[in-house]
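Notes follow once the structure below has been shown.
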Amino acid sequence: MGWNWKEEDLDLILVPFGFFIMCVYHLFLLYRYLKHPETTAIGYENHNKKAWVEKMLLFEAKDRGFCVSVLSGHLSASTSLSSISLVLCSLIGALLGNSTNNFTSSFILGDTSESTNAIKYIAILSCFLLAFACFVQTTRHFVHGCFLISIPTGDVPVECIQKAVLRGSNFWALGLRALYFATTLLLWIFGPIPMFVGSVVTVIILHCLDINKDPMIQYGSNRSGNDGGGHILRKMGHELTSVVEAFEHNGRPQRH
């Protein structure tokens, strides 16, 4: 007996293969990030963020308002995306509870049974829930970074602030990846062929965005002093004051 081809078999072949392509690419990206971070955009950005934290500690705590503003911008973005993910989860949950095949069964090439539709919505819901959790963790770590970087005394090690900022950035990247997976799974609603094509196109676009060809920027070290480098600024200020005072003294007209 031969195998009778059915439209439902497209979901069994194309959907797992498209999901497999996405997973393999991100595993390869994770390997490159761990072994050769300079070849990835994520590693390049994290390198610059570590240097940013170190340079910001050159300023006194009362002058770090713009540092907190930068982190607050990331907080606003992560809060917005987490809210959007939660709203989409609620919407998908409502669609899952009131799903019908009247709209999709007429033009979709693939399996349109109720069980397959339920699997589609559950998979999409899982990705959005994962994105929501990642963006919540992003907010948590950036808030912690704001507290640490605004402490008046310089007792907080640089590594603690860098760890908070980098963890927030990594959870931000994970949340975006979950949204990419959710986008490809959303195409599955319109059939396995759009989902497979979307997976291939997404991997190609992400490969172009994730690769880094720029050399790592070599920043100077700020650890020559006990106060995180603040003495350098004070020294420059004293030198500038001395130059101004000398200029004013030499420029005065002499009295006879």
Side-chain angles (χ1 to χ4, degrees), residues 22-23 25-27 29-30 32-34 37 40-57 59 61 63-95 121-151 156-187 198 202-203 205-212 214 217:
M22 293 280 292
C23 292
Y25 169 74
H26 283 90
L27 288 176
L29 178 64
L30 178 62
R32 284 199 305 160
Y33 173 71
L34 295 177
T40 63
I42 299 176
Y44 181 78
E45 293 173 358
N46 287 343
H47 172 74
N48 293 330
K49 289 174 182 177
K50 288 176 65 176
W52 176 82
V53 172
E54 192 172 351
K55 297 296 181 182
M56 291 304 102
L57 293 181
F59 299 92
D63 298 327
R64 296 177 192 166
F66 66 94
C67 307
V68 178
S69 300
V70 172
L71 294 179
S72 297
H74 288 78
L75 285 173
S76 300
S78 60
T79 303
S80 300
L81 287 178
S82 62
S83 301
I84 292 173
S85 300
L86 188 60
V87 170
L88 290 176
C89 289
S90 303
L91 179 60
I92 292 172
L95 292 176
Y121 289 123
I122 291 175
I124 299 171
L125 179 63
S126 300
C127 289
F128 280 122
L129 285 175
L130 178 61
F132 171 73
C134 290
F135 289 131
V136 168
Q137 291 299 315
T138 300
T139 304
R140 170 198 168 195
H141 288 292
F142 278 142
V143 168
H144 184 56
C146 288
F147 276 110
L148 293 179
I149 205 169
S150 59
I151 292 179
V156 180
V158 179
E159 291 77 9
C160 293
I161 305 177
Q162 289 176 340
K163 183 183 295 185
V165 173
L166 291 183
R167 283 184 177 179
S169 301
N170 291 334
F171 275 111
W172 169 268
L174 286 176
L176 291 180
R177 302 292 156 168
L179 291 181
Y180 296 151
F181 272 89
T183 302
T184 56
L185 291 175
L186 279 173
L187 296 176
T202 301
V203 167
I205 295 175
L206 288 179
H207 176 71
C208 297
L209 296 176
D210 292 333
I211 193 171
N212 175 54
D214 297 328
I217 302 175

Intermediate values then yes/no, side chain to side chain contact (heavy atoms under 4.5 Å, CB included), V143 and L71 | CA-CA 8 Å; V143 168; L71 294 179; over 6 Å; no
Test item: side-chain donor near acceptor, T184 and T202, under 3.5 Å | no
What closest approach, in Å, do K49 and S169 show between heavy atoms, and which atom pair accounts for it?
-> NZ-OG, 2.9 Å
What distance separates L125 CG from C89 SG, expressed to the nearest 0.5 Å?
-> 5.0 Å
Any donor-acceptor N or O pair under 3.5 Å, side chains D210, Y33 | no
H26 NE2: over 12 foreign heavy atoms closer than 6.0 Å = yes
Within-4.5 Å side-chain heavy-atom neighbours: L185 and S126 | no
Between L186 and F128 the two heavy atoms that sit nearest each other are CD1-CZ, 4.3 Å
Heavy-atom pair of closest approach, residues A41 and N212 | N-CB, 3.8 Å
Do R177 and L130 come close enough that some side-chain heavy atom pair is under 4.5 Å?
-> no
Hey, can you tell me if F142 and H74 have their rings parallel, tilted or perpendicular (30° and 60° cut-offs)?
-> tilted
Could you give the distance from SG (C160) to CD1 (I149), rounded to the nearest 0.5 Å?
-> 12.5 Å
For the side chain of Q162 and the backbone of K50, is there at least one donor-acceptor N/O pair under 3.5 Å apart?
-> yes
Looking at side-chain heavy atoms only, is the closest gap between C134 and W172 below 4.5 Å?
-> no
Kindly indicate, with the supporting measurements, whether the criterion side chain to side chain contact (heavy atoms under 4.5 Å, CB included) is fulfilled by M56 and F66.
-> CA-CA 9 Å; M56 291 304 102; F66 66 94; 3.3 Å; yes
Are any non-hydrogen side-chain atoms of T138 and L174 less than 4.5 angstrom apart?
-> no
So, do N170 and N46 sit near enough that their side-chain heavy atoms are less than 4.5 Å apart?
-> yes
To the nearest 0.5 Å, how far apart are CD1 in I161 and SG in C67?
-> 9.5 Å
For S83 and F132, what are the C-alpha separation, side-chain angles and deciding distance, and is it a side chain to side chain contact (heavy atoms under 4.5 Å, CB included)?
-> CA-CA 8 Å; S83 301; F132 171 73; over 6 Å; no
Is there side-chain contact between H47 and P37, with heavy atoms separated by less than 4.5 Å?
-> no
Considering all heavy atoms of both residues, which atom of H144 and which atom of A164 are nearest to each other, and what is their separation?
-> CD2-CB, 4.0 Å
Say you draw a straight line from CD1 of I124 to CG of L88; how long is it, rounded to the nearest 0.5 Å?
-> 10.0 Å
Pick one: which of I84, L86, L81 meets side chain to side chain contact (heavy atoms under 4.5 Å, CB included) with F135?
-> L81
Taking the side chain as every heavy atom from C-beta outward, state whether Y180 and C127 have any pair of such atoms under 4.5 Å apart.
-> no
Heavy-atom side-chain contact between I211 and R32 under 4.5 Å = yes
Test side chain to side chain contact (heavy atoms under 4.5 Å, CB included) on I217 and Y44 and set out the steps.
-> CA-CA 9 Å; I217 302 175; Y44 181 78; 3.7 Å; yes
Where do A131 and G175 come nearest, in terms of heavy atoms and distance?
-> CB-O, 3.7 Å
